Amino acid sequence: MSTLSVDVTQNGSVGTSAELEEYDFSRLPGRPRHLNMERQRSFDERSLTELPVGLSPYPPSRSDNFYRVFDHFDVLSPGKRSGFNTPRSQFGLEPHPMIAEAWDALRRTLVNFRGQPVGTIAALDNSEEKLNYDQVFVRDFVPSALAFLMNGEPEIVKNFLLKTLRLQSWEKKIDRFQLGEGVMPASFKVLHDPVRNTETLIADFGESAIGRVAPVDSGFWWIILLRAYTKSTGDSSLAEMPECQKGMRLILSLCISEGFDTFPTLLCADGCSMIDRRMGVYGYPIEIQALFFMALRCALLLLKQDTGGKEVIERIVKRLHALSYHMRNYFWLDLKQLNGIYRYKTEEYSHTAVNKFNVMPDSLPEWVFDFMPLHGGYFIGNVGPSNMDFRWFCLGNCIAILSSLATPEQSTAIMDLIESRWQELVGDMPLKVCYPAIESHEWRIVTGCDPKNTRWSYHNGGSWPVLLWLLTAACIKTGRPQIARRAIELAETRLSKDGWPEYYDGKLGRYIGKQARKYQTWSIAGYLVAKMMLEDPSHLGMVALEDDRQMKPVLKRSASWTC
């Protein structure tokens, strides 16, 4: 793949050189700066799975030992398996007993199509009606894919990427309306015909989903996973296939085409991502904006500068610059910014308006004043005309760190917030999908009296173990692995005993969710990925993007470190 080259202007334009993307582990706080990575001609970055990984699956007990793993790097051939695949590690320490159980459970979820594994089903709980839990979901498969990549088993990921790409080309209709060509499926399943002895793929693009909403996040996760596969294997041939190049362009054409938008953020319907039910996340939700930003950056590295890709690349560069500025300025909240909103004037009409979205100070929820620590901050849930959703959403903030949408200082502030509000965001079982829960009259209005999203349940303040892998990656990137280790050890006290539930209920996440499926695949895979990243932090390179050192955004809003 040819290295992309676009000039970076002094006002902060985003460069497209792959040099800006390669995750530089010397920038991790507190570790030695002597990791040397060679470049491969076939791709702009060397596969991190080529590095030796024979360290104990049991994470170090002290954070100062954490970065010693970087002292053992030599270049080996691709595809070396993680120490988790063997009964004992190189140093003779027993891995946690949950690891073997998790791998066994994960492998039992594999779905084959014509003799090849193409994904993992959502859950193996046979005690409940299957509904669509027997399907392969694009977003749900991501932690499974990362686990297989980290274990030196990339073929299943390649098969999945190609099969879902083929599904993208299908005609997609809901009633009489045809969806955009670039829409990726939410899920698919394999139908077996025992009479004809044939297998057929059936995809769901939202026509069968609750609320009939197309999955906006599926396309972004597909691009992010394609980049993770390329990074892990060092093989760019898959991404360079004309079909993959076209697939990326089609996904992005849905997002960067011109319209009536006055913001660089992406306008979405409710229920179009992990929170796939009505939860008041319509508009410009942080989860979609962070995934959008990360997918744009990944595509920038994967797209070729040929006739079809050059124009898309130029539009991506412009959008990234505008999006990063918008998110870092208007979605960011810390103590000083909160105080500024509290003192906002309204009905300002001019280019010099401070309250640009005409947010009413009286709309500030009471809980946010106590929730905001002295040192810390986060990207709020949504920003639009006269609207700010001050809820904390875990996935969006973790992706903001991994994609470098968050500046290094903002990333540190997010970690400070998690530590300061551990009881609220982690409690007895990691990790709150959002905080706080909505209840009473607000719950009736926002959710439409949804019996599944009652307070502190499911998407309404429920605790989701799958988020462990995102937290762990964010912790490693910010040099705070002890936070992840603490969360993983907490999960290990119950997760296996409880049968790997989908989610937990209650303010502290103390109770297995009232409708939670057991043996939920991404709960299992999320745990494995978190453990493997702590064992070998070089795996972080699959899911983390280096901050653009040449982008110097002018943050007119405050940053928490100035408080």
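What you see is a predicted model; the values in this text were computed from it and never measured.
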With heavy-atom distances below 4.5 Å as the criterion, would you say the side chains of W500 and P465 are in contact? no
Looking only at heavy atoms, the pair that brings L468 and G526 closest together is CB-O, 4.5 Å
| Side-chain donor-acceptor pair under 3.5 Å between S404 and K477, yes or no? | yes
When every non-hydrogen atom of A145 is compared with those of V157, the smallest separation belongs to O-CG2, 3.6 Å
All heavy atoms of R139 vs all of S273, minimum pair found to be NH2-O, 3.2 Å
* Close side-chain approach of Y330 to F263, heavy-atom, < 4.5 Å -> no
Exercise. Should we say atom CZ of F369 is surrounded by more than 12 heavy atoms from elsewhere, each under 6.0 Å from it?
Worked result: yes
Taken to the nearest 0.5 Å, the spacing of S463 OG from K507 NZ works out to 12.5 Å
- Are the side chain of S232 and the backbone N or O of A228 linked by a donor-acceptor pair below 3.5 Å? no
- Task: Please confirm whether the backbone N or O of C449 pairs with a side-chain atom of T447, one donor and one acceptor, at under 3.5 Å?
- Result: yes
List the steps and the verdict of ring pair (Phe, Tyr, Trp, His ring centres under 6.0 Å) for Y378 and Y435.
CA-CA 12 Å; Y378 64 103; Y435 180 90; 9.6 Å; no
Stepwise side chain to side chain contact (heavy atoms under 4.5 Å, CB included) test for F137 and W522:
CA-CA 10 Å; F137 282 81; W522 68 357; over 6 Å; no
- Sidechain-backbone polar pair: R278 side chain, V446 backbone, donor-acceptor under 3.5 Å: yes
Q) Quick one: does E492's side chain get under 4.5 Å of K531's, heavy atoms only? A) yes
dist L405:CG -> Q410:CD (nearest 0.5 Å) comes out at 7.5 Å
Side chain to side chain contact (heavy atoms under 4.5 Å, CB included) for L338 and V368? Distances and angles first, verdict last. CA-CA 9 Å; L338 178 59; V368 76; 4.0 Å; yes
TODO: Could you tell me whether the side chain of M327 reaches within less than 4.5 Å of the side chain of F293, counting heavy atoms only?
DONE: no
Can you tell me if H459 uses its side chain to pair, donor with acceptor, with the backbone of M274 under 3.5 Å?
yes
Between Y284 and the options L267, L266, V383, the side chain to side chain contact (heavy atoms under 4.5 Å, CB included) test singles out L267
Would you call C272 and I288 a side-chain contact if the rule is heavy atoms closer than 4.5 Å?
yes
When you look at R510 and D428, which way does the salt bridge (Lys or Arg N to Asp or Glu O under 4.0 Å) test go after all the steps?
CA-CA 6 Å; R510 189 170 291 168; D428 290 346; 2.7 Å; yes
Residues D450, R277: salt bridge by 4.0 Å N-O rule:
yes
ask   = So, do L545 and C298 sit near enough that their side-chain heavy atoms are less than 4.5 Å apart?
value = yes
Indicate, with yes or no, if the rings of F393 and F379 have centres closer together than 6.0 Å.
no
Between F292 and the options I256, L320, D217, the side chain to side chain contact (heavy atoms under 4.5 Å, CB included) test singles out I256
- Derivation of the side chain to side chain contact (heavy atoms under 4.5 Å, CB included) call for R480 and T412: CA-CA 9 Å; R480 313 268 283 268; T412 298; 3.9 Å; yes
For this session: Output yes when D334 and K336 qualify as a salt bridge under the 4.0 Å nitrogen-oxygen rule, no when they do not.
Result: no
Side-chain heavy atoms of L333 within contact of I341, under 4.5 Å:
yes
Would you tabulate the side-chain donor-acceptor contacts of residues 358-365 under 3.5 Å, counting partners in other chains and residues two or more places apart, or write 'none'?
unit_1, atom_1, unit_2, atom_2, d
N358, OD1, E347, N, 2.9
S363, OG, M360, O, 2.6

Next on the checklist: If we ignore hydrogens and angles and just use 3.5 Å, is the side chain of N355 paired with the main-chain N or O of K345 as donor and acceptor?
Outcome noted: yes
In this structure, NZ of K432 is separated from CG of N460 (nearest 0.5 Å) by 9.5 Å
| After noting the C-alpha distance and the side-chain angles of E502 and S523, does the key distance pass the side-chain hydrogen bond (donor to acceptor under 3.5 Å, both in side chains) rule? | CA-CA 6 Å; E502 179 183 12; S523 295; over 6 Å; no
Note, R227 side chain near M294 side chain (heavy atom, < 4.5 Å): no
Centroid-centroid under 6.0 Å between Y344 and F357 rings:
no
The reported gap from SG in C475 to CG in L470 (rounded to nearest 0.5 angstrom) is 10.5 Å
Separation between CZ (F141) and OG1 (T521), nearest 0.5 Å, reads 10.5 Å
Discussion item. Take a 6.0 Å sphere around OH of Y511 and say whether it holds more than 12 heavy atoms from other residues, nucleotides or ligands.
Written reply: no
Scanning both residues in full, the closest heavy-atom pair of P143 with V466 reads CG-CG2, 4.2 Å
To the nearest 0.5 Å, atom CD of E439 lies from atom CZ of R444 at 10.5 Å
* Between K514 and T454, do the side chains contain an N or O donor and an N or O acceptor separated by less than 3.5 Å? -> yes
**Prompt:** Can Y504 and D498 be counted as having a side-chain donor-acceptor contact under 3.5 angstrom?
**Reply:** yes
Closest non-hydrogen atoms of A299 and I316, given as atom of the first, atom of the second and distance, are CB-CD1, 4.2 Å
Heavy-atom closest pair (W469 atom, M533 atom, distance to 0.1 Å) is O-CE, 3.3 Å
Legend entry - Stepwise side chain to side chain contact (heavy atoms under 4.5 Å, CB included) check, H96 with Y527: CA-CA 12 Å; H96 197 284; Y527 168 74; 3.9 Å; yes
- [ ] Verify whether the ring centers belonging to Y503 and Y458 lie closer than 6.0 Å.
- [x] yes
* To do: Decide if atom CZ of R455 counts as having more than 12 heavy atoms of other residues, nucleotides or ligands within a radius under 6.0 Å.
  => no
ask   = How about W392 and F371: are their ring centres within less than 6.0 Å of each other?
value = no
